[in-house]
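As structure tokens, the structure follows; a few thoughts come after it.
For reference, positions follow the sequence shown, starting with 1. The analysis underlying the following values was restricted to heavy atoms, covering all of them including side chains, and did not include hydrogens, waters or symmetry mates. In each ligand, atom 1 is the first atom listed, and ligand 1 is the first ligand listed.
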Amino acid sequence: KKRMVSAITPSGTMTLGNYLGAVKHFIDFQDEYEMFIFVANLHAITIPQEKEKLRKNMKEIATLYFACGLDPHKSTIFVQSDVMAHAQLGWILNTQSTIGELSRMSQFKDKSKKAETTGKGYIPAGLFTYPTLMAADILLYDANFVPVGVDQKQHVELTRDLAERINNKYSDVFTIPEPLITENKIKIMDLQDPTKKMSKSSDNPKAIILMLDTPEMIKSKIKAALTDSEGIIKYDIVNKPGVSNLLTIYSICKNITIKEAVKNFENKNYGDLKNETAEAIIEIVSPIQEKFKKLYNSSDVEDWLNNGANKANLIANKKLNKVQNALGLNFNR
Ligand code: TYM
């Protein structure tokens, strides 16, 4: 079986964007691929986190993985910091990457700008080396594919560069991964500013739909979503980003094409678009929330994560040892 690696960063709880852009696909891939899916808590601390909030976000994301349908008997699901090789290989990759290439990462540019303006004016070094840790996440498991939203593509490309560089300089230790961009490169956008992606670390709670939002919250957020004054329902990302975003969400939730979605709203108004989109989302999240409630206070999730970490550690440590040999780090070998 070919392998896949992917993750969500618990810098917030799971958004509808994470689900539609990533997790939904993990479920579909489970039978055909060997999946390694984790909670990227070491990535979360590249921006300041409150301890209790971080724990809650980790627990929610892990529980949601299972509630959404990830099967602990088919896939390896774990918490990143339970597998120390991630940080160890991340360090080694830091020494093989350049300040120039890391400076070109658009996520770093965005997040560091935000940290400078809204944070306390400092940029953590970890924010800069975030992509090398992500490369380690992927390379430790010889992933063939990395299913991610389009916003993470650049990081996977850097991972390929680093792997090729080390394979050429030392010996063939790494499999070169390919990004698998989900949902036809479609991003779920912010409801209040549909020109930027829906992000769990948004400061405006009305701008994002969370997987654990109640039906009332979903209705009111979608109702308040920014559209335009034209009154025509068509798909046009440039001129009608708000309407297009609702059409995207509707079509993915309903499992139909954008074209079919547009057709559904012929002779209907923005009110209809919003009501039906909200209903479509509620239909998707309700059964997931039911399962979430059952799992959240059971001991199953912790057991599954421990098993996942044990499996991941075996594979990751082997790979780390190979890399250390390749670089001459192991005494006598
Ligand atoms: P993160 O936590 O920002 O997002 C998790 C996944 O959800 C996708 N996604 C979206 N897709 C569509 N529309 C959106 N608005 C949207 N927001 C997020 C992301 O593309 C991603 O697939 N660095 C990664 C986590 C990570 C990782 C890895 C991923 C760490 N190590 C190794 C793959 C392999 C991140 O912060 O994703």
Side-chain angles (χ1 to χ4, degrees), residues 3-26 29 35-47 57-58 60-62 64-65 68 76 78-81 83 86-87 89-90 93 105-108 110-111 126-127 129-160 162-163 177-202 207-211 237 241 244-245 248-249 252-253 312 316:
R3 281 194 182 158
M4 284 190 181
V5 170
S6 202
I8 296 182
T9 305
S11 48
T13 185
M14 197 188 288
T15 66
L16 184 69
N18 296 141
Y19 177 72
L20 297 180
V23 179
K24 185 170 177 269
H25 304 278
F26 302 166
F29 292 134
M35 312 276 300
F36 294 83
I37 305 292
F38 59 94
V39 181
N41 58 349
L42 296 177
H43 278 113
I45 57 171
T46 59
I47 48 177
N57 290 331
M58 285 171 56
E60 285 186 3
I61 289 176
L64 276 166
Y65 276 156
C68 290
T76 307
F78 59 98
V79 174
Q80 189 182 27
S81 61
V83 184
H86 288 242
L89 181 60
L93 295 178
M105 295 293 117
S106 38
Q107 181 179 287
F108 172 71
D110 293 347
K111 287 197 178 172
L127 202 55
T129 57
Y130 182 115
T132 49
L133 178 62
M134 181 159 159
D137 298 339
I138 296 167
L139 298 177
L140 277 174
Y141 302 95
D142 285 315
N144 304 96
F145 299 104
V146 186
V148 283
V150 66
D151 59 305
Q152 295 295 320
K153 186 167 176 239
Q154 202 185 19
H155 288 156
V156 183
E157 277 159 2
L158 177 77
T159 304
R160 289 169 60 91
L162 290 175
E178 257 177 65
L180 197 75
I181 305 305
T182 46
E183 278 320 330
N184 304 321
K185 309 194 178 169
I186 279 166
K187 253 194 259 183
I188 306 300
M189 308 307 274
D190 185 292
L191 297 174
Q192 293 298 319
D193 177 359
T195 59
K196 62 177 204 203
K197 80 158 182 172
M198 182 183 285
S199 161
K200 61 177 112 65
S201 43
S202 166
I208 60 178
I209 304 265
L210 304 176
M211 288 305 283
I237 290 190
S244 302
N245 189 36
T248 302
I249 295 173
I252 305 179
C253 288

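- Counting protein heavy atoms only, atom 6 (C) of ligand 1 is closest to Ala22 CB, 3.7 Å.
- At a heavy-atom distance under 4.0 Å, only side-chain atoms of Phe38, from C-beta outward, approach ligand 1.
- For atom 23 (N) of ligand 1, the nearest non-hydrogen atom of the protein is Tyr130 OH, 2.7 Å.
- Short contacts between ligand 1 and His43, defined as distances under 4.0 Å to a heavy atom of the residue, involve ligand atoms 30 (C), 31 (N).
- Looking only at side-chain heavy atoms (C-beta outward), Gln152 and Ile181 stay at 4.5 Å or farther from each other.
- In terms of polar-atom proximity, His155 is not counted as a contact of ligand 1, lacking any N or O under 3.5 Å from an N or O of the ligand.
- When each atom of ligand 1 is checked for a heavy atom of Lys187 under 4.0 Å away, the hits are 13 (N).
- Here the protein heavy atom with the shortest distance to atom 35 (C) of ligand 1 is Thr9 OG1, 3.3 Å.
- Looking at Ile188 against ligand 1, both its backbone and its side chain come within 4.0 Å, counting heavy atoms.
- Separating the OH atom in Tyr19 from the CD1 atom in Ile188 is a distance of 12.0 Å, to the nearest 0.5 Å.
- Within the 4.0 Å heavy-atom criterion, the part of Asp137 lying near ligand 1 is the side chain and not the backbone.
- Side-chain contact check for Tyr141 versus Val83: some heavy-atom pair is nearer than 4.5 Å.
- Residue-ligand proximity, Gly21 to ligand 1, at heavy-atom distances under 4.0 Å covers atoms 11 (N), 12 (C).
- Under a 4.0 Å criterion applied to the non-hydrogen atoms of Ile8, ligand 1 contributes the atoms 2 (O), 5 (C).
- Only the side chain of Val146 comes within 4.0 Å of ligand 1, judged by heavy-atom distances.
- For atom 10 (C) of ligand 1, the closest non-hydrogen atom of the protein is Gly17 O, 3.5 Å.
- The OG1 atom of Thr9 sits 11.5 Å away from the CD1 atom of Ile45 when rounded to the nearest 0.5 Å.
- Tested against Lys187, the residues Ile237, Val150, Thr248 include a single side-chain contact (heavy atoms from CB on, under 4.5 Å) partner, Val150.
- Among all non-hydrogen protein atoms, the one lying nearest atom 2 (O) of ligand 1 is Lys200 NZ, 2.6 Å.
- Atoms CD1 and CE, on Ile209 and Met14 in that order, are 15.0 Å from each other to the nearest 0.5 Å.
- The two atoms that bring Pro179 and Arg160 nearest to each other are CD-CD, 4.3 Å, heavy atoms only.
- A side-chain donor-acceptor contact under 3.5 Å links His43 to the backbone of Tyr130.
- Scanning all protein heavy atoms for the shortest distance to atom 19 (C) of ligand 1 gives Asp151 OD1, 3.5 Å.
- A donor-acceptor distance shorter than 3.5 angstrom exists from the side chain of Asn245 to the backbone of Met189, with no hydrogens or angles considered.
- Considering backbone and side-chain atoms alike, Met198 places an N or O below 3.5 Å from some N or O of ligand 1.
- Contact annotation for Met189 and ligand 1: no heavy atom of the residue comes within less than 4.0 Å of the ligand.
- The heavy atom nearest to atom 4 (O) of ligand 1, out of those in Val39, Thr46, Asn18, Ile138, is found in Asn18.
- The shortest distance between side-chain heavy atoms of Asp190 and Ser199 does not fall below 4.5 Å.
- Less than 4.0 angstrom separates some heavy atom of Gln152 from each of these atoms of ligand 1: 20 (O), 23 (N), 24 (C), 35 (C), 36 (O), 37 (O).
- Side-chain atoms of Asn41 come within 3.5 Å of backbone atoms of Ser81 as a donor-acceptor pair (strictly under, hydrogens ignored).
- Nearest to atom 29 (C) of ligand 1 among the protein's heavy atoms is Ala7 N, 3.6 Å.
- Inclusion of Thr15 in the set of residues having an N or O under 3.5 Å from an N or O of ligand 1 is not warranted.
- With a 4.0 Å cut-off on non-hydrogen atoms, Ser6 touches ligand 1 through its backbone as well as its side chain.
- Of the possible donor and acceptor atoms, none in the side chain of Asp110 sits under 3.5 Å from a partner among the backbone N and O of Gln107.
- Counting only distance, with no hydrogens or angles, the side chain of Gln80 and the backbone of His86 share no donor-acceptor pair below 3.5 Å.
- Using modelled atom types, no side-chain atom of Thr76 and backbone atom of Ala312 make a donor-acceptor pair closer than 3.5 Å.
- The closest protein non-hydrogen atom to atom 22 (O) of ligand 1 is Gly149 N, 3.1 Å.
- The shortest N/O to N/O separation between Val5 and ligand 1 does not fall below 3.5 Å.
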